[in-house]
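Note: hydrogens, waters and symmetry copies are ignored here, and every other heavy atom, side chains too, is used. Numbering starts at 1 and runs along the sequence shown. Keep in mind that this is a model prediction, so the values were computed, not measured.
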Amino acid sequence: MYDRIKGFRDFYPGEMSARREVIDDVEEVAQRYGFREIGTPALERTQMYADKSGEEIVEELYNFTDHGGREVAMTPELTPTVARMVVEKQQALSKPIKWVSSRPFWRYEAVQQGRFREFYQTNVDIFGSAEPIADAEILAYAADALTELGLTSDDFEFRVSHRDILGGLLESFDADVDTEAAIRAVDKRDKLAVGEYRALLGDAGLSEADAEAFDELLETEEENLDELVAATETERVENAVENLQNVLDATADLGARDYCTLSLDTARGLDYYTGVVFECFDTTGTVGRAVFGGGRYDDLIEGFGGQPTPAVGVALGMATLSLLCERAGVWPAETTTTDYYVLQVGDTRETAAGITRDLRERGHVVETDIAGRSFGAQLEYADSIGAETTVIVGEQDLADGNVTVKEMASGDQRQVPVDEFPESGERK
């Protein structure tokens with residue numbers, strides 16, 4: 001008996017049918033927005049992640065040396081991969097590039113609520129537009145994907161921030177501040193005790209007084225953003241505030257403004273984010289962590305050797321999204337359904353097979369006996385798989401030119417001439 005590896009999960013048919021329905025819904029919404037599906041590899045070169053996230057990221061990877069002597073890793077996220085893909089065919093791709101992909105990823109980290117070592121995400125990205133409407137379209141897509149699942153503004157909110165506001169605020173202090181380290185500390189703010197968080201800010205170069213002042217600035221309300229510009233007197237903060245306001249205005253045009261709230265302590269921990277960033281949260285707090293997040297990463301393509309190309313995207317994680325949907329009561333029923341079960345009695349396989357083929361050609365989910373079971377065992381199996389209708393093909397009925405059609409929920413049954421089944425009025 002082998003045990004399942006920690007952090008990896010099995011999905012049986014009922015669970016998988018619910019997951020498939022959710023994935024199909026969020027992908028269908030992406031297709032309405034014009035995002036085109038791509039496929040990406042499970043392995044990339046380990047150095048690609050070390051170059052973009054620092055050598056410490058290697059400890060979180062499933063990485064190894066392959067038979068060709070290459071240092072490779074199972075992909076922990078999609079953004080570096082799609083950046084590489086854009087660089088490889090940058091001249092041939094029409095801009096803006098709009099891609100969507102649903103697939104598994106792997107990261108060796110502590111297992112907790114909504115976080116596994118193998119996890120599934122739907123990634124949606126736009127390359128080639130620096131306009132605020134591109135950021136707004138990502139936010140609008142995410143909102144439409146969630147409402148497509150049955151969620152409402154009472155269930156979720158997007159906490160929106162801007163990395164250049166954070167960076168500009170930190171630069172305004174008269175200190176040698178490691179801006180990226182301080183932003184990573186902000187990203188962990190809600191997960192740490194105040195003392196631990198302040199210690200990280202101290203390690204990044206902020207004095208205790210500066211850290212306190214910085215935290216006060218992070219509490220600025222949306223209507224008072226101009227106060228940040230006045231307080232810092234820096235062009236970086238002024239431009240970032242203007243860009244953030246323009247993005248939020250564009251979300252209003254796209255119908256997503258009501259889902260967005262200003263949250264300057266939303267930072268996103270990865271260093272490649274450059275502009276607007278956001279995270280989705282459960283408004284009730286039941287899901288105690290971000291459901292998913294996204295943002296702008298304008299420098300990544302150039303960092304991979306390509307031409308300067310602005311980019312923005314979002315990744316919807318299935319594990320945390322399922323927690324939100326379950327909490328809100330909109331997670332699909334974890335059941336499988338069967339339209340027809342074709343039951344065989346006696347030497348009727350040829351006729352039963354013909355009926356089975358006809359029903360399948362009409363697009364129905366159809367099962368028939370492949371185990372040589374008795375009449376009673378077949379009927380019990382049909383009930384266990386949730387068959388809506390059982391078509392009984394028996395020798396005696398066939399001698400009279402009929403089959404028996406039994407509606408499983410009501411128990412009603414009727415005889416139908418075999419030459420007329422499936423019937424013209426049979427459901428499509």
Heavy-atom side-chain proximity of Met74 to Leu43 below 4.5 angstrom: yes

Validation row: Phe105, Tyr62 side chains within 4.5 angstrom (heavy atoms): no

Any side-chain donor near an acceptor of the partner, Thr337 and Asp339, under 3.5 Å: no

Whether Arg189 side chain and Ala267 backbone form a donor-acceptor pair below 3.5 Å: no

Stepwise side-chain contact (heavy atoms from CB on, under 4.5 Å) check, Asp215 with Leu201: CA-CA 10 Å; Asp215 279 351; Leu201 290 181; 4.2 Å; yes

Pairwise distance OG1(Thr75) to CH2(Trp106) - rounded to 0.5 angstrom: 5.0 Å

Residues forming a side-chain contact (heavy atoms from CB on, under 4.5 Å) with Lys6, sequence neighbours excluded: Val111, Arg117

CG-CG distance between Leu321 and Leu151, expressed to the nearest 0.5 angstrom: 7.0 Å

Atom pair OG1/CG of Thr284 and Asp154 - distance to nearest 0.5 Å: 10.5 Å

Thr274/Asp164 under side-chain contact (heavy atoms from CB on, under 4.5 Å): CA gap, chis, key distance, verdict: CA-CA 7 Å; Thr274 59; Asp164 277 345; 5.9 Å; no

Check: Arg19 side chain, Ile23 main-chain N or O, donor-acceptor pair, under 3.5 Å: no

Heavy-atom side-chain proximity of Glu137 to Leu254 below 4.5 angstrom: yes

Candidate pair Phe292 and Leu146, rule side-chain contact (heavy atoms from CB on, under 4.5 Å), full reasoning: CA-CA 11 Å; Phe292 59 80; Leu146 297 190; 4.0 Å; yes

Steps toward side-chain contact (heavy atoms from CB on, under 4.5 Å) verdict (Lys52, Glu77): CA-CA 12 Å; Lys52 297 310 162 191; Glu77 58 168 319; over 6 Å; no

pair Val82-Ile97: side-chain heavy atoms closer than 4.5 Å: no

Euclidean distance, Thr79 OG1 relative to Asp125 CG, rounded to 0.5 Å: 5.5 Å

Approximate separation, where rounding is to 0.5 Å, of Arg296 CZ and Ser129 OG: 6.5 Å

Donor-acceptor contact below 3.5 Å, side chain Ser161 vs main chain Val277: no

Pair Gln344-Thr368, side-chain donor/acceptor within less than 3.5 Å: yes

Centroid separation Phe158 to Phe156 less than 6.0 Å: yes

4.5 Å side-chain heavy-atom contact, Val26 and Tyr141: yes

Donor-acceptor pair between Tyr49 and Asn63 side chains, under 3.5 angstrom: no

Side-chain donor or acceptor of Glu219 paired with backbone N/O of Glu216 under 3.5 Å: no

Exercise: do Glu27 and Thr122 side chains pair donor with acceptor under 3.5 Å: no

Thr81 side chain reached by Leu78 side chain, heavy atoms, under 4.5 Å: yes

side-chain contact (heavy atoms from CB on, under 4.5 Å) against Gln307, all qualifying residues, sequence neighbours excluded: Gln90, Gln91

His364 side chain to Val366 backbone, donor-acceptor under 3.5 Å: no

Side-chain donor/acceptor of Asp383 to backbone N/O of Glu380, under 3.5 Å: no

Spatial distance of atom CG (Leu166) from atom CD (Glu171) [nearest 0.5 Å]: 11.0 Å

Side-chain donor or acceptor of Arg159 paired with backbone N/O of Cys260 under 3.5 Å: no

Heavy-atom donor-acceptor pair, Asn243 side chain to Asn239 backbone, under 3.5 Å: no

NZ/Lys95: more than 12 non-hydrogen atoms of other groups inside 6.0 Å: yes

Donor-acceptor contact below 3.5 Å, side chain Arg373 vs main chain Leu379: no

Residue pairs passing the side chain to side chain donor-acceptor pair (under 3.5 Å) test where at least one lies in residues 200-209, sequence neighbours excluded: Ser207-Asp210

Reference residue Glu279; test side chain to side chain contact (heavy atoms under 4.5 Å, CB included); the match among Val160, Val291, Thr266: Thr266

Phe127 backbone acceptor or donor facing Thr309 side chain under 3.5 Å: no

Heavy-atom side-chain proximity of Ile165 to Val241 below 4.5 angstrom: yes

Ser322 side chain reached by Trp331 side chain, heavy atoms, under 4.5 Å: yes

